[in-house]
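Only one structure is covered here, and it is reproduced in the block below.
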Number of protein chains: 2
Amino acid sequence: MTVPRLAVSVDLVVLTVREQRLCALTWRRDRPPYEGCWSLPGGFIQLDEDLPVAAARLMAERAGLADVRIHLEQLATYGYPDRDPRQRVVSVAYLGLAPDLPASSRAQVLWRSVDELDNERAAFDHRRILRDGVERARAKLEYTSLAAAFCPPEFTVAELRRVYEIVWGTHLDPRNFHRKVTGADRFLIPTGRTTTRDGGRPAQLYRRGDAEQLRPPMLRPRP
Amino acid sequence: MTVPRLAVSVDLVVLTVREQRLCALTWRRDRPPYEGCWSLPGGFIQLDEDLPVAAARLMAERAGLADVRIHLEQLATYGYPDRDPRQRVVSVAYLGLAPDLPASSRAQVLWRSVDELDNERAAFDHRRILRDGVERARAKLEYTSLAAAFCPPEFTVAELRRVYEIVWGTHLDPRNFHRKVTGADRFLIPTGRTTTRDGGRPAQLYRRGDAEQLRPPMLRPRP
DNA sequence: ATAATAGTGTCTTTTAGACAGTATGTT
DNA sequence: AACATACTGTCTAAAAGACACTATTAT
C-alpha cells in the first residue's frame with residue numbers, strides 16, 4: 001500500500017492592538033490565484049523542520065517579526081481538498097499575539113483591522129482561519145493572562161484594560177477591572193516605576209507575572 | 001522551487017468513562033516499530049479526503065465506532081521530523097468523547113485506563129497526544145456542556161456528576177452539583193421519565209440540551 | 001424499619017457589578 | 001484653579017461551598 005503525500009504549509013494569524021483596533025498581519029497578493037485579495041503570511045514547511053520551528057521561521061521571513069517575545073501557539077489545521085486550487089495543501093495555522101510593533105519594512109506586509117478584513121475577499125480559506133484565530137484570542141483572554149502578550153514589556157492597568165476592551169469590543173469598568181487584575185495571583189508584577197503617558201495621575205507600571213491561568217476567569221460581558 | 005510532500009495521518013484520542021475510570025481506545029502493536037507498545041488508532045488520509053471525513057472514516061475502520069453520535073473535534077497537529085522512524089509523518093489528532101459502548105469485536109482494539117497507559121511505553125509520540133487529549137477534555141468540562149457526551153442519550157444528574165468526578169479525579173458535592181447543572185441554561189432537558197438504576201429514590205432522566213457553553217463555568221476544585 | 005440515593009433549603013464566603021469618593025499628576 | 005486619570009472603598013447581587021433536612025424507592 002502506498003501512502004499519499006501532500007504539501008504541508010504553516011499559516012500565521014498574528015494579532016496586535018494598534019490605533020484602537022484589533023489588527024492582523026496580512027499580505028496583499030499580487031498574482032493569481034486570488035490576485036488582489038489579502039492573505040495570511042505563511043509558507044511550506046521544510047522536510048526536516050518541526051512545526052513550531054517552521055512557524056518561527058515564517059514569522060521572521062514572511063511576517064518580518066524575528067522577535068522571540070511574541071506568543072505563538074498552534075491554532076488548528078485546515079485540509080479540505082480544494083482549499084488551494086493549484087494542489088492539495090494541508091495547512092497548520094499558528095496564532096501569534098504581539099505588542100504594537102513598528103510596521104514592517106516591506107510594503108506588501110500590512111497590519112489591517114480584523115473587521116475590515118472580514119468584509120473583504122480573502123485568499124483561500126484565510127478568512128475562516130482569521131475568524132478562528134480571533135475567536136481563540138477572545139476566548140483566551142477570559143481564562144488566561146495572555147492579554148499581556150499584546151502589551152509592551154512594561155504596561156499600566158489602563159493599557160491592559162484597553163486590550164480587553166478592544167479585543168472584546170466592550171466597555172469594562174476601570175475600577176472593577178483594576179481590582180480584578182491586581183488581585184489575581186501572579187498576573188501582574190509591579191515594577192515600582194510609574195508613568196504619565198496616559199495623562200492624569202501617574203500610573204504604576206507592571207510586568208507580566210508567571211501565572212498562565214486566570215482563576216476565576218474574567219468573563220466577557222454578554223449582551 | 002519545489003514543495004516538499006509529506007505523509008499526513010489522523011490519530012484518534014477516543015475517551016470514555018467505564019468501570020469508574022477514564023479510558024482511551026488503543027491498539028496493541030504486533031510488529032515493529034514499537035512492537036508490543038500501545039498506540040492510538042489512526043491512519044493516513046486519502047488524497048481527496050477532508051480531515052474530519054478522514055477522522056470519521058478511521059473512527060469506523062480503526063476504532064470500530066461507526067456511531068455518528070460521538071463528539072469529534074480537532075485536537076492538535078504533531079509534526080516533528082523523527083516522530084515516526086520510517087518516514088516523516090505529520091499527524092492531525094482528533095479528540096472523541098464517547099458514552100460507555102460495548103467493547104469492539106476486534107481483540108487488538110482495547111479500552112484502557114489513561115492512567116495505566118501513561119505508565120506504559122507508547123508507540124511514537126502517542127503518550128504526549130493522549131495527555132493533550134485528556135487535558136483538553138478536563139478543561140472543556142469546566143466551561144462547556146461536553147460532559148454529557150460521555151453519557152448515554154438519557155442520564156441522571158448523578159451519572160453526569162460521576163463523569164465529572166472520574167474525569168477530574170475529584171469529589172463533588174452532590175447537592176451543589178445538582179443545583180449548578182439543573183440551574184444552567186439549556187444544559188439539561190428533563191424527559192419526565194425516572195429511573196432507579198442507581199438505587200434509592202427514583203431519579204429524573206435528562207437529555208442533553210443545546211447549550212454548548214456553561215456560563216459561569218464549573219471550575220475544577222484545586223488542591 | 002433501614003438503607004440508599006434524589007432532591008430542596010439555608011447559611012456563609014467569595015466574587016462580580018455599580019458607583020462614590022480621594023489622590024496625584026498636567027495645563 | 002480645572003481637568004484627567006489612578007486608585008481605594010462601599011454597597012449589592014450573584015454564585016460557590018458547606019451542610020441540614022426531606023422525599024421516594026428497594027430490601
Side-chain angles (χ1 to χ4, degrees), chain A residues 20 141-143 145 147 151 154-166 168 170-185 187-206 211 213-223, chain B residues 20 141-143 145 147 151 154-166 168 170-207 211 213-223:
Chain A
Q20 317 292 346
L141 293 205
E142 294 198 310
Y143 57 92
S145 58
C151 296
E154 300 199 350
F155 53 91
T156 66
V157 171
E159 286 161 356
L160 186 67
R161 176 167 47 83
R162 244 157 269 141
V163 166
Y164 277 91
E165 291 180 327
I166 291 167
W168 285 348
T170 59
H171 170 78
L172 299 173
D173 184 274
R175 296 153 299 182
N176 293 337
F177 181 86
H178 190 283
R179 183 186 36 180
K180 174 78 180 174
V181 297
T182 56
D185 188 38
F187 188 178
L188 301 180
I189 298 170
T191 63
R193 282 184 292 283
T194 59
T195 182
T196 55
R197 62 191 179 212
D198 297 325
R201 172 175 164 180
Q204 276 285 337
L205 282 167
Y206 294 88
Q213 301 291 316
L214 193 58
R215 277 181 63 92
M218 173 154 44
L219 300 180
R220 284 176 263 191
R222 295 274 199 234
Chain B
Q20 317 291 347
L141 292 205
E142 293 197 311
Y143 56 92
S145 59
C151 295
E154 299 199 352
F155 53 92
T156 66
V157 171
E159 286 161 357
L160 186 66
R161 175 167 47 85
R162 244 158 268 138
V163 165
Y164 276 92
E165 291 180 328
I166 291 167
W168 285 349
T170 58
H171 171 76
L172 299 174
D173 184 274
R175 295 152 302 180
N176 293 337
F177 181 85
H178 190 283
R179 173 171 35 120
K180 173 79 181 174
V181 297
T182 55
D185 188 39
R186 297 179 315 166
F187 189 178
L188 301 180
I189 298 168
T191 64
R193 283 184 291 283
T194 59
T195 181
T196 56
R197 62 192 180 213
D198 298 325
R201 170 176 167 181
Q204 276 288 337
L205 282 166
Y206 294 88
R207 287 185 294 106
Q213 301 290 316
L214 193 58
R215 275 181 64 93
M218 174 153 45
L219 299 179
R220 284 175 263 191
R222 295 275 198 232

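Numbers restart at 1 for each chain; the letters A, B, ... are given by sequence-line order, proteins then strands. These numbers were taken from a predicted model, which means no experiment stands behind them.
- One atom, NE2 of B/His178, and another, C1' of D/dT24, lie 14 Å apart when rounded to the nearest Å.
- In terms of heavy-atom proximity, B/Glu142 sits nearest to B/Trp168 at CG-CZ2, 3.6 Å.
- Side-chain N/O atoms of B/Asn176 and base N/O atoms of D/dA18 include a donor-acceptor pair closer than 3.5 Å.
- When rounded to the nearest whole Å, the span between CG of B/Asp185 and P of D/dA15 equals 11 Å.
- Position along DNA chain D of the nearest nucleotide to B/Thr196 versus B/Arg215 favours B/Arg215 as the more 5'-ward residue.
- Rounded to whole angstrom, the span from the CZ atom of B/Phe177 across to the P atom of C/dG7 amounts to 12 Å.
- As rounded to whole Å, 10 Å separates atom P of C/dG17 from atom CE of A/Met218.
- Crowding of B/Arg197 atom CZ: a count of heavy atoms from other residues, nucleotides or ligands under 6.0 Å exceeding 12.
- In the set C/dA16, D/dA6, C/dA6, C/dA16 carries the atom at the smallest distance from any side-chain atom of A/Pro216.
- At whole-Å resolution of the value, CG in B/Leu205 and P in C/dT5 are 17 Å apart.
- Between the base of C/dA20 and the side chain of A/Arg175 there is a donor-acceptor pair shorter than 3.5 Å.
- Nearest heavy atoms, A/Asp198 versus A/Arg162: OD1-NH1, 3.8 Å.
- In terms of position along DNA chain D, the nucleotide closest to A/Arg162 lies nearer the 5' end than the nucleotide closest to the other residue of the pair B/Arg179 and A/Arg162.
- The distance between atom CG of A/Leu172 and atom P of C/dC19, rounded to the nearest whole Å, is 15 Å.
- The interatomic distance linking B/Glu159 (CD) with C/dG7 (P) rounds to 11 Å, in whole Å.
- Per the geometry, CG belonging to A/Asp198 stands 18 Å off P belonging to C/dT24, to the nearest Å.
- Taking 4.0 angstrom as the limit, B/Lys180 places a side-chain polar atom (N or O) nearer than this to OP1 or OP2 of D/dA16.
- Looking only at side-chain heavy atoms (C-beta outward), A/Val181 and A/Met218 come within less than 4.5 Å of each other.
- For B/Thr170 (side chain) and B/Glu165 (main-chain N/O), no donor-acceptor pair under 3.5 Å exists by modelled atom type.
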